[in-house]
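Counting convention: from 1, in listed order, for ligands and their atoms alike. The shown structure was predicted, so the numbers you read here are calculated from the model rather than taken from an experiment.
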Amino acid sequence: MGIISDNIFREGRILIPGGVNSPVRAFKSVGGNPIFIDRAKGSKMFDVDGKEYIDYVGSWGPMIVGHANKHVTKAINEAVAKGSSFGAPSPLEVALASKIVKAVPSIEMVRMVNSGTEAAMSAIRLARAYTNRDRIIKFDGCYHGHADSLLVKVGSGGATLGIPDSLGVPKDFAKYTTSLPYNDIDALTKIMEKEGDSIAAVIIEPIVGNAGVIRPIEGFLEAVRKVTEEQGTLLIVDEVMTGFRVAYGGAQTIFNIKPDLTCLGKIIGGGLPVGAYGGRRDIMSMVAPEGAVYQAGTLSGNPVAMAAGLATLEVIAKDNDFYPKLEAKTKKLTAGIREGAAKAGIPIYLPEAGSMFSIFFTDKEVRNYADAQGTNVAQFREWFHLMLDEGIYLPPSPFESYFVSSAHTGNDIDRTIEAAKKAFKGVTA
Ligand SMILES: *Cc1c(COP(=O)(O)O)cnc(C)c1O
């Protein structure tokens, strides 16, 4: 948008595919050039042209205590001064593992990796080893990273670019993955009753965040747990986005679901590259070197990343009302947005889960990926750019979640509501 940003993008496109290191950043589904960021602090991001934005992307989830939080930055600085990587165990790894095991009741043991992609990929391998089965089931619109067997009917990036999800995934790999409509208990029960004994794992986002926000209907997660248990199929709950976001112990503590394995990422890295998978001790004990399921990483458990994650969880835990306050702030914002849309006569559907929400331009309820895809993308595009002009930075795709952080102030919320009211008036009805 700014001159400096556009110039950097022009050069970046020659050197980096699409000028970006992750597809959705490229503004492809909203049009226009991406904005290059110089720095961020609290709820704000500042681009290279000096324009300020109230940020609702939050690095796609990790920045729940805001950008460059003092406590987190201090912990990172202290850690890096002691050396940025050892390739040998450090006490910080055990400290973060302990925090995770205490926070998430279903996790008895946990292995740190470098991304959510790695976490999901490794959990699948482990589930296949444990059950001695090859097939997996996922749900349309759920994203579990970009490993081959999981790039089937993914949301966000995939939704934006359209199906098929990716070239380069051998049919022989994809054939082991079955994707079912989210919230469809019958579809899942039917296949599990018939073919469950060949299914290693069912992997699911307990609240979908990667097709916009889609909440599980009453009884859905319970049904998923029940049919998997009956068939000896492992349940992998992917809480890379929802873990420490919708509640300290993740969505599984809200819905009271006990998965066999859980994937984490985003918040537990405090803005540094981290993922983790964990769960039942008898399953996790199969991971090398304790067991024969190989999985490794040069930078896994990196001390600087562990310090950032630990410090973030400390900031959250310091405040007994951290989640209620965050939720109340989000509710105020979403109520204001709904009101603005209604006043402008623009129908929207705005699902929320704690400090996560999204906006679909539609007059219908969105219960699955097909519903999400049927919403008005042209209106979203207009809304996105009008909000950007007002200095509000939203996810540049209709199929992504918005995130509120503890650093967002009352003034930020008020300003955002005002901007939203104005923007909705500019959206073509
Ligand atoms: C972000 C995300 C991933 C992938 O994590 P990366 O760190 O981007 O590899 C996997 N699953 C879910 C639910 C996510 O939100």
Side-chain angles (χ1 to χ4, degrees), residues 20-26 57-64 104 111-125 127 136 138-160 165-166 177 179 182 201-216 221 224 235-246 250-252 255 257 259 261-278 295 297 299-302 305 308-309 312 353-358 369 372 395 397 399-403:
V20 294
N21 281 307
S22 196
V24 76
R25 295 178 199 168
V57 176
S59 190
W60 303 97
M63 312 317 295
I64 193 166
V104 188
R111 166 60 64 84
M112 305 304 307
V113 292
N114 304 288
S115 67
T117 293
E118 270 184 74
M121 177 184 90
S122 308
I124 296 282
R125 178 181 302 147
I136 59 171
K138 71 176 288 294
F139 296 93
D140 304 348
C142 286
Y143 179 66
H144 307 291
H146 62 87
D148 280 340
S149 58
L150 291 166
L151 269 186
V152 180
K153 292 205 183 173
V154 300
S156 49
T160 305
D165 294 296
S166 179
T177 306
S179 193
Y182 197 81
V202 172
I203 185 166
I204 189 168
E205 284 184 74
I207 297 165
V208 184
N210 284 289
V213 172
I214 299 174
R215 296 184 59 98
L221 295 175
V224 173
L235 172 58
I236 304 173
V237 168
D238 183 349
E239 299 232 41
V240 171
M241 187 182 288
T242 51
F244 298 93
R245 166 61 65 179
V246 296
Q252 57 189 273
F255 296 107
I257 293 295
L261 293 172
T262 297
C263 302
L264 294 169
K266 298 196 167 115
I267 289 172
I268 60 159
L272 271 75
V274 174
Y277 64 106
Q295 184 271 304
L299 295 174
S300 292
N302 174 270
T312 299
S355 54
M356 275 164 68
F357 67 96
S358 65
Y369 186 42
S397 158
F399 309 114
E400 299 284 0
S401 299
Y402 302 49
F403 299 101

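- Residues Ala251 and Ile207 approach most closely at CB-CD1, 4.1 Å, considering heavy atoms.
- Under 3.5 Å, the side chains of Gln295 and Arg125 contain no donor-acceptor pair of N or O atoms.
- Residues Gly141 and Ala211 come closest through the heavy atom pair O-CB, 3.7 Å.
- For Ile64 against Phe244, the heavy-atom pair with the smallest separation is CD1-O, 3.4 Å.
- Across all their heavy atoms, Thr117 and Ala147 have their closest contact at CG2-N, 3.9 Å.
- Within the 3.5 Å criterion, the main-chain N or O of Tyr143 finds a donor-acceptor partner in the side chain of Glu205.
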When you check ligand 1 against the protein, what N or O pairs turn up below 3.5 Å? List the atom names and distances, or just say none.
residue, atom, partner, partner atom, Å
ligand 1, 5 (O), Gly116, N, 3.3
ligand 1, 7 (O), Gly116, N, 2.8
ligand 1, 9 (O), Gly116, N, 3.3
ligand 1, 9 (O), Thr117, N, 2.8
ligand 1, 9 (O), Thr117, OG1, 2.7
ligand 1, 11 (N), Tyr143, O, 3.1
ligand 1, 11 (N), Asp238, OD1, 3.4
ligand 1, 11 (N), Asp238, OD2, 2.7
ligand 1, 15 (O), Asn210, ND2, 3.1
ligand 1, 15 (O), Lys266, NZ, 2.6

